[in-house]
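Scope of the values below: all heavy atoms of this structure, side chains included, with no hydrogens, waters or symmetry mates.
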Amino acid sequence: MLSKIVKSTAFLALTVCALNAADFNAKAEKDRIEAVKYFEAKFADPEKNKDKFFPYATDDELKNDYEKNLKHDDFNIGTYAYSKDAKSQYEAIKEMPPYESDIETGEALYNKKFANGKSFATCFPDPAVTNMYPYFDEKKKDVVTLTSAVNDCLRDNGEKEWDTKKGDIANLQAYLVNATTEAGKKFDIKIQSEAAKKAYEAGKEYYYTQRGYLKMSCATCHIQGAGQRVRNEKLSPLVGQITQFPVYRLKWESLGTIERRLSGCIVDQGQVAPKDESTQMKELIYFIAYISNGMAIDGPDIRK
Ligand code: HEC
């Protein structure tokens, strides 16, 4: 009898453990599905849904410049998903992608030997893995982004770390991301522990926190505001927001990392951006990337 009780409690404990392991991403998964539903509803028919989602847009713009019936994967190209005019300009530029040579430079950097004879190929034996970044390092109890992984590789091999916004780092990332795109991989961000779940929650908190005298958050512009026009661009949606980075921006006249873009948005709100390899920045990217789970990696790309 006793052994039976012991056995059944052991069984129960095991089941509870197994349930918990599967559960760490339950809340995040709910967030992700809700976000996709929200954007699909919002962009099913902007003209018809004017009162609900676009009270300030003109009838003419809603009728003529918005795509209809957008589905999950359409959001991969950010703002270009819904604006007909911006999309045709985007497609024209993509015929002669300005980042082709950057991918080649990145490939050379990937193969170049460090002073100790190793190379990035030692740290990233398979270059087509950027769909798994950021990930949560359970030993370090910290998020590892593609950018911090590249610099970790340099530091671990006695090399000098790189600038985290442009130049070599963006070129190397362009090569890795391009390889991942060609391999047809989808974002696959995991949350497998209590600590990882906390990191996701912290990133989410950052995204929703209101800042500056206008009390705006990332969500004000990229969830509620997504699709609305700011100057000559429509705001991109949270879903699919970083699937194409690094990007070549016409404004920058060069390729830049996701950190470069995020810092821009934070500075535009009159705030000081967290350092690119800080826990805060890494958690923010972890949250955004998780919400794009299931979407294809599709970079590098171009932006205005
Ligand atoms: C005042 C509005 C505003 C706020 C607040 C804001 N952004 Fe942006 N953001 C923009 C505009 C405008 C663009 C350029 C158009 C676009 O692609 O959305 C942009 C672009 C981006 C992009 C590039 C999307 C792409 O596909 O190229 C990302 C990523 C982004 N923002 C993230 C954030 C994050 C994270 C925050 C909060 C820390 C934030 N933004 C806060 C206005 C804002």
Side-chain angles (χ1 to χ4, degrees), residues 17 20-29 31-32 114 118 120 122-166 168-170 172-173 176-177 180 185-209 211 217-218 238 241-243 245-246 256-267 271-293 297 299:
C17 265
N20 279 346
D23 243 355
F24 290 121
N25 74 337
K27 181 67 182 50
E29 205 40 24
D31 293 345
R32 188 185 68 82
F114 300 141
K118 294 189 176 157
F120 282 109
T122 324
C123 301
F124 302 92
D126 176 3
V129 290
T130 65
N131 60 317
M132 312 280 286
Y133 285 84
Y135 69 89
F136 191 81
D137 185 323
E138 299 292 347
K139 279 198 207 105
K140 290 189 197 155
K141 294 271 173 268
D142 200 5
V143 174
V144 178
T145 56
L146 188 57
T147 292
S148 72
V150 167
N151 266 345
D152 281 342
C153 181
L154 289 167
R155 287 184 288 252
D156 291 348
N157 286 290
E159 298 282 318
K160 206 170 162 277
E161 63 196 23
W162 284 345
D163 179 284
T164 43
K165 291 196 164 58
K166 58 184 174 188
D168 286 345
I169 205 155
L172 179 74
Q173 288 185 1
L176 299 172
V177 166
T180 314
K185 294 196 177 164
K186 296 183 169 178
F187 255 104
D188 186 13
I189 308 303
K190 304 223 182 328
I191 300 175
Q192 292 173 313
S193 67
E194 194 56 40
K197 186 173 146 192
K198 284 215 175 91
Y200 166 90
E201 287 297 337
K204 178 178 166 186
E205 172 92 34
Y206 192 94
Y207 204 88
Y208 284 89
T209 299
R211 296 183 183 82
S217 68
C218 313
L238 163 63
Q241 207 167 29
I242 64 172
T243 52
F245 278 80
T257 59
I258 183 64
E259 288 83 358
R260 188 176 182 190
R261 186 48 142 145
L262 296 184
S263 301
C265 272
I266 298 168
V267 170
Q271 305 297 303
V272 176
K275 291 234 159 54
D276 292 345
E277 291 189 65
S278 66
T279 293
Q280 205 168 37
M281 179 61 94
K282 291 189 294 185
E283 288 169 343
L284 173 64
I285 300 174
Y286 189 47
F287 163 71
I288 303 177
Y290 186 90
I291 299 292
S292 290
N293 260 359
I297 290 275

Is a side-chain N or O of [X] found less than 3.5 angstrom from the main chain of [Y], in a donor-acceptor match?
X: Lys185; Y: Ala128; value: yes
X: Thr180; Y: Asn131; value: no
X: Thr122; Y: Lys118; value: no
X: Asp23; Y: Ala26; value: no
X: Thr209; Y: Glu205; value: yes
X: Asp137; Y: Asp142; value: no

Whether Phe120 and Trp162 hold their rings parallel, tilted or perpendicular, with breakpoints at 30° and 60°: tilted

Taking the inter-plane angle between the rings of Tyr200 and Tyr290 on a 0 to 90° scale, is it parallel (under 30°), tilted (30 to 60°) or perpendicular (over 60°)?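 Perpendicular.
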
Step by step, work out the side chain to side chain contact (heavy atoms under 4.5 Å, CB included) result for Gln241 and Ser292. CA-CA 7 Å; Gln241 207 167 29; Ser292 290; 5.5 Å; no

Distance only, no hydrogens: is a donor on one side chain within 3.5 Å (strictly under) of an acceptor on the other, for Gln173 and Thr257? no

State whether Tyr206 and Arg211 meet the cation-pi test: NZ (Lys) or CZ (Arg) under 6.0 Å from the six-membered ring centroid, and within 45° of the perpendicular axis. yes

Keeping to residues at least two apart or across chains, list the salt bridge (charged side-chain N to carboxylate O under 4.0 Å, His left out) pairs with something in residues 145-155.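 Of all non-adjacent pairs touching residues 145-155, those that pass salt bridge (charged side-chain N to carboxylate O under 4.0 Å, His left out) are Lys140-Asp152, Asp152-Arg155, Arg155-Glu161, Arg155-Glu277.
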
Scan for salt bridge (charged side-chain N to carboxylate O under 4.0 Å, His left out) pairs involving residues 283-293, sequence neighbours excluded, and state none if there are none.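 For residues 283-293, and leaving out neighbouring residues, there are no salt bridge (charged side-chain N to carboxylate O under 4.0 Å, His left out) pairs at all.
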
When you look at CD of Gln271, are more than 12 heavy atoms from neighbouring residues, nucleotides or ligands closer to it than 6.0 Å?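 Yes.
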
With sequence neighbours excluded, tell me which residues meet disulfide bond (SG atoms under 2.5 Å apart) with Cys123.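 Cys153.
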
Give the minimum heavy-atom separation between Lys282 and Asp276, together with the two atoms involved. CG-O, 4.4 Å

Would you name the heavy atoms of Tyr133 and Phe187 that are closest together and state the gap between them?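 Minimum heavy-atom separation between Tyr133 and Phe187: O-CE2, 3.5 Å.
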
So, are Asp188 and Lys190 salt-bridged, with charged N and O less than 4.0 Å apart?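 Yes.
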
Glu201/Lys198 ion pair, N-O < 4.0 Å: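 No salt bridge links Glu201 with Lys198.
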
